[in-house]
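Beneath this line is the structure, given in structure tokens, with notes to follow.
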2 protein chains.
Amino acid sequence: MATREESRVDRQVRLSRERVLGAAVALADARGVGSLTMRSLAESLGVEAMSLYHHVANKEAVLDGLVEVVMAEIERAVAGLASPAPEDDWRRAMRMRVLAAREVLLCHPWAPGVFETRRGTSLAVVRYYDGVLGLMRRGGFDYDLGHRALHALGSRALGFSQELFEPPGEGAEEALAAMAVEVPHLAAMAAEASHGVSGRLGWCDFQAEFEFGLDLILDGLERLRVAS
Amino acid sequence: MATREESRVDRQVRLSRERVLGAAVALADARGVGSLTMRSLAESLGVEAMSLYHHVANKEAVLDGLVEVVMAEIERAVAGLASPAPEDDWRRAMRMRVLAAREVLLCHPWAPGVFETRRGTSLAVVRYYDGVLGLMRRGGFDYDLGHRALHALGSRALGFSQELFEPPGEGAEEALAAMAVEVPHLAAMAAEASHGVSGRLGWCDFQAEFEFGLDLILDGLERLRVAS
DNA sequence: CGACGCTACCGTACAGCGTAAGAACCGCCC
DNA sequence: GGGCGGTTCTTACGCTGTACGGTAGCGTCG
């Protein structure tokens, strides 16, 4: 009776690897990757935990799938970019690519942490770095300098680099002030910055700092490239 | 009878936070941080798991303690360094400091992973970065540029930056060759490198690449400093 | 000198994790 | 209509971190 209609309609369609990974991303976005368990993931799909194992090998595979999904988002963002041909201006092309990737990652704050545990394993990531290397090739790099450039960029090529301090939160400034004796230079720096001497709003603009570091590296590479 | 002598002599001395953390480092060094559980840690001290909780609040506190111990090692290594005064050559001073830190971290391969989960929380790490900032101050940086420099360096200041590929392992080259269609540039780069064109031994010297990236950043900062 | 309290330690227990094994059920083809 | 293959559920195991309560030895005081 009811069971016939219910059984396959409640959970709208059959499970699939795509649906599982999609739910995993949604759950990580909503509650953090820490609360992504096989049971909670199953529950969010209206299903029992063990059912997931027909579509993913194990939890590691779920995490692999997570980076796959995010990388696909990044590839899409990069593809839709109106960036200059690397032959004309590789630095601008690279800068736009990296900032596009970063924008995607900023929507998935858990992603860097997951990436860090799986770098090198994932085809999607390797393929992305291949694209970066290709961009530099077209921009005039030989493979040797390109290789070193990849190392110099590291995770910055993907739009993140472990942030020194996480978003300050409440009373971070007071905490730093309390440590003033232990860390005089940092305390002085924070004091100066919040006096508005530097003219930046807030006392630390992460996006600006990221771009600063990125440009520093890109400029250095450009100097090496023309010298080679 | 026996009990009196035994009970406090078998386990040579009383437990203490220091002994617990020391054992934790030893265990992580030997078997990886993944197999560091409260039970295994207790066992390595000849004690029951719950006894640890009289000296550390919980497992998080153990991990905090791990970075504390490693940072102490780094501070010691840095202190014993015959580096030039930053006033004379801040780049060389910085370079030596960072490479000294890196040498310590290379003895504790698990450390970067643990650091990454706790950065910003730990006084020892903040203090280290304060030292870095102080070095740059003495080298002629104002706080604003020093601030941005810290961000540009990121974890490189501590001697690591998530390596792009972990130590290649067996057959990594073959794996890359198999992906040649997917990642043509990387495959070509690897092929060229292993032909010995570049003259480096092996096909990727991580230490050299780390130093390359570090120097790239330091050179860029120096240019900005003299311009400011 | 004997009792008492403090603290370090142990034993037990529990909830939550990933997942192995097998039973139950669905939709499809013969 | 009967069987069959794949999907889902049920149950259970070993592992984790850790809450709780009991115990044993030392230091102090009456």
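Order of the sequence lines sets the chain letters (A, B, ...), proteins ahead of strands, with each chain counted from 1.
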[X] [atom1] to [N] [atom2], straight-line distance once rounded to whole Å:
{"X": "B:E43", "N": "C:dC9", "atom1": "CD", "atom2": "C1'", "result": "17 Å"}
{"X": "A:Y53", "N": "D:dG6", "atom1": "OH", "atom2": "P", "result": "21 Å"}
{"X": "B:L52", "N": "D:dT18", "atom1": "CG", "atom2": "P", "result": "11 Å"}
{"X": "B:L45", "N": "C:dA8", "atom1": "CG", "atom2": "C1'", "result": "14 Å"}
{"X": "B:E48", "N": "D:dG21", "atom1": "CD", "atom2": "C1'", "result": "16 Å"}

Not counting sequence neighbours, which residues clear side chain to side chain contact (heavy atoms under 4.5 Å, CB included) with [X]? List them please.
{"X": "B:A26", "result": "none"}
{"X": "A:E60", "result": "A:N58, A:L63, A:R118"}
{"X": "B:A188", "result": "A:Y143"}
{"X": "A:S16", "result": "A:E18, A:R19"}

* Asked: Quick one: salt bridge (Lys or Arg N to Asp or Glu O under 4.0 Å) partners of B:E73, sequence neighbours excluded?
  -> none

* Structure fact -> Residues passing the salt bridge (Lys or Arg N to Asp or Glu O under 4.0 Å) test with B:R17, sequence neighbours excluded, are B:E68

* **Cationic N near anionic O, under 4.0 Å, B:E211 to B:R95** =>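 Looking at B:E211 and B:R95, the cut-off is met.
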
* Asked: With sequence neighbours left out, which residue pairs that include part of residues 125-135 of chain A fulfil the salt bridge (Lys or Arg N to Asp or Glu O under 4.0 Å) condition?
  ->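 Listed once each, the pairs are A:R127-B:E182.
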
* Which residues within residues 56-66 of chain A lie with some heavy atom under 4.0 Å of an atom in DNA chain C? -> A:N58, A:K59

* **Residues from residues 21-41 of chain A lying under 4.0 Å of DNA chain C - heavy atoms** => A:T37, A:M38, A:R39

Give each protein N/O atom lying under 3.5 Å from an N/O atom of nucleotides 21-24 of chain C, with the pair distance.
none

Please list every donor-acceptor pair under 3.5 Å in which a side-chain atom of residues 27-36 of chain B meets a protein atom from a residue at least two apart or in another chain.
from	atom 1	to	atom 2	distance (Å)
B:D29	OD1	B:H108	ND1	2.7
B:D29	OD1	B:W110	NE1	2.6
B:D29	OD2	B:H108	ND1	3.2
B:S35	OG	B:R31	O	3.1
B:S35	OG	B:G32	O	3.3

* Shortest non-hydrogen contact from B:V20 to B:L41? ->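 For B:V20 and B:L41, the tightest heavy-atom pair comes out as O-CD1, 3.8 Å.
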
* Structure fact -> Heavy-atom nearest pair, B:R156 first then B:G213, reads NH1-CA, 3.7 Å

* **Axial bend angle, the helix from C:dC1-D:dG30 to C:dC30-D:dG1: five-pair end segments, nearest 10°** => 30°

* Axial cation check for B:Y128 ring with B:R97, 6.0 Å and 45° limits -> yes

* Hey, does the Lys NZ or Arg CZ of B:R102 hover above the aromatic six-ring of B:F210, less than 6.0 Å from the centre and inside 45° of the axis? ->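 Yes; both conditions hold, so B:R102 lies above the ring face of B:F210.
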
